[in-house]
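Quick notes on the structure that follows.
Each ligand, and each atom within it, is numbered from 1 in the order the structure gives.
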Amino acid sequence: MSGDIQTRVFKVDPQRPEPQIIERVAAIIRKGGLVAFPTETVYGLGANAFDESAVRGIFAAKGRPSTNPIIVHVGSIEGAQESCSAWPDKASQLAAAFWPGPLTMVLPKSTRIPAIITAGRETVAVRMPAHPVALALLKACSFPVAAPSANRSSEISPTRAEHVLKGLSGRIDAIVDGGATIIGIESTVVDLTRGTITILRAGSVSRGQIESILNECVEYNSRPLNDTEAAPSPGMLAKHYAPRARVEILETPLLISQLRNTGSAKVVLGVLARTADAVSAAKELRGSVVRKLADESTGYAQQLYSALHELDEQGVSVILVECPPMNEEWRAVHDRLKRMAHVDPSD
Ligand code: TXA
Ligand code: MG
């Protein structure tokens with residue numbers, strides 16, 4: 001796909017999507033097309049999971065390495081079971097507690113799922129999203145929909161249709177514009193195929209919530225970010241979710257003193273602040289662009305990617321991030337910030 005197809009934009013009511021629009025968009029997917037649509041986390045780029053060549057189109061449009069497997073989205077438990085060769089009790093318990101919702105489960109894959117989706121693995125990641133538009137679309141399709149986040153590979157995930165257009169206009173068939181997403185960062189990915197239940201990617205469903213449903217201990221994947229070869233979830237490599245600017249994370253006092261001690265910014269400087277003190281220090285510095293994010297983790301996650309897209313558009317070359325509190329509640333946010341700040345010397 002070379003960037004020369006016409007990308008159609010379909011605006012829908014996010015709460016009560018118009019059935020005739022959903023039907024038109026489902027028809028595009030049925031014919032093997034690529035359609036971006038909102039979920040409660042971020043926008044996804046969907047294709048028929050049973051259509052290998054359509055799925056190949058996702059990798060081409062995103063520039064995604066073929067080693068990075070894709071999540072299969074379903075509109076019903078039966079759809080999930082159809083994608084898996086085993087459905088343990090734990091999957092039922094987690095689905096009952098968190099679906100539809102921002103939890104992705106890794107399970108043994110069914111032979112119906114093409115190898116391209118799972119990057120040759122014997123496991124498949126499945127999720128039922130909690131967004132009226134995503135659910136309506138999935139219900140209109142009689143097959144599961146493979147959908148990674150609808151951004152170019154290694155760029156920031158989109159939380160609005162405009163972000164999708166910026167990265168993928170001319171490379172995909174359509175975008176369903178259902179406004180801003182609610183949660184703002186990607187789903188929690190939990191692997192149920194190992195001895196110990198393991199969280200491969202932190203998200204808004206927390207370890208504590210999963211442990212209390214399953215009544216057992218859950219681990220975080222402790223593999224170093226750079227371990228490419230045997231990474232259990234290749235999309236979790238360090239250089240993901242990155243804006244164009246260089247990102248630095250600083251504790252509040254250090255950020256404030258750095259802002260105060262810089263005469264005037266030599267480069268266009270972006271600041272992502274949480275506290276009033278950091279905001280005012282940033283505002284005093286000429287040549288800086290400041291964004292104030294919520295000082296609690298849910299609101300912060302919801303606003304984070306949108307703020308980064310904005311700063312990228314303003315052409316900032318460095319983004320200073322006021323470090324959020326170091327506790328479990330902020331874990332998923334820290335995870336994304338760390339990936340953004342990671343500088344790969346080989347890149
Ligand atoms: O919230 C979300 O999960 C969004 C929306 C669109 O649903 N999707 C999303 O997809 O973030 P993507 O492709 O950007 O990230 C999927 C993550 C990657 O880290 C990938 O490596 C991992 O899930 N994954 C997919 N299949 C896997 C598998 N079989 N085993 C382990 N990890 C897998
Ligand atoms: Mg992604």
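Looking at T39 next to ligand 1, no N or O pair under 3.5 Å apart turns up. At a 3.5 angstrom cut-off on N or O pairs, T118 does not count as close to ligand 1. Inclusion of S187 in the set of residues having an N or O under 3.5 Å from an N or O of ligand 1 is warranted. In terms of polar-atom proximity, defined here as any N/O pair under 3.5 Å, K62 makes no such contact with ligand 1.
Heavy atoms of H73 approach ligand 1 to within less than 4.0 angstrom.
Side-chain atoms of T275 and D277 form no donor-acceptor pair, as typed in the model, at a separation below 3.5 Å. Using modelled atom types, one finds no donor on one side chain facing an acceptor on the other under 3.5 Å when comparing T196 with T198. In this model, a donor atom of one side chain and an acceptor atom of the other lie less than 3.5 Å apart for S187 and R201. Between E186 and Y305, the side chains place a donor N or O and an acceptor N or O closer than 3.5 Å (distance only, hydrogens not considered).
Taking a cut-off of under 4.0 Å to the non-hydrogen atoms of T41, the atoms of ligand 1 that pass are 1 (O), 2 (C), 4 (C), 5 (C). Listed by number with element, the atoms of ligand 1 under 4.0 Å from a non-hydrogen atom of P148 are 10 (O), 12 (P), 13 (O). Counting the atoms of ligand 1 from 1 in the order shown, those under 4.0 Å from a heavy atom of G44 are 6 (C). Taking a cut-off of under 4.0 Å to the non-hydrogen atoms of L200, the atoms of ligand 1 that pass are 31 (C), 32 (N). Residue R64 has at least one heavy-atom neighbour below 4.0 Å for each of these atoms of ligand 1: 13 (O). Of all atoms in ligand 1, listed by their number and element, those nearer than 4.0 Å to a heavy atom of A125 are 25 (C), 26 (N), 27 (C), 29 (N).
The closest side-chain heavy-atom distance from P148 to R64 is below 4.5 Å. Under the 4.5 Å side-chain criterion, counting only non-hydrogen atoms from C-beta, V74 is not in contact with E82. Side-chain contact between R127 and P100: absent, with no pair of heavy atoms (C-beta onward) separated by less than 4.5 Å.
The proximity of N68 to ligand 1, defined as any non-hydrogen pair under 4.0 Å, is limited to the side chain. Of the heavy atoms in K109, none comes closer than 4.0 Å to ligand 1.
D335 has a carboxylate O that lies under 4.0 Å from a charged side-chain N of R339, or vice versa, which qualifies the two as a salt bridge. Ion pairing between R246 and E248 holds under the 4.0 Å rule for side-chain N and carboxylate O.
Taking backbone and side-chain atoms together, S157 has no N/O/S atom less than 2.8 Å away from the Mg ion (ligand 2).
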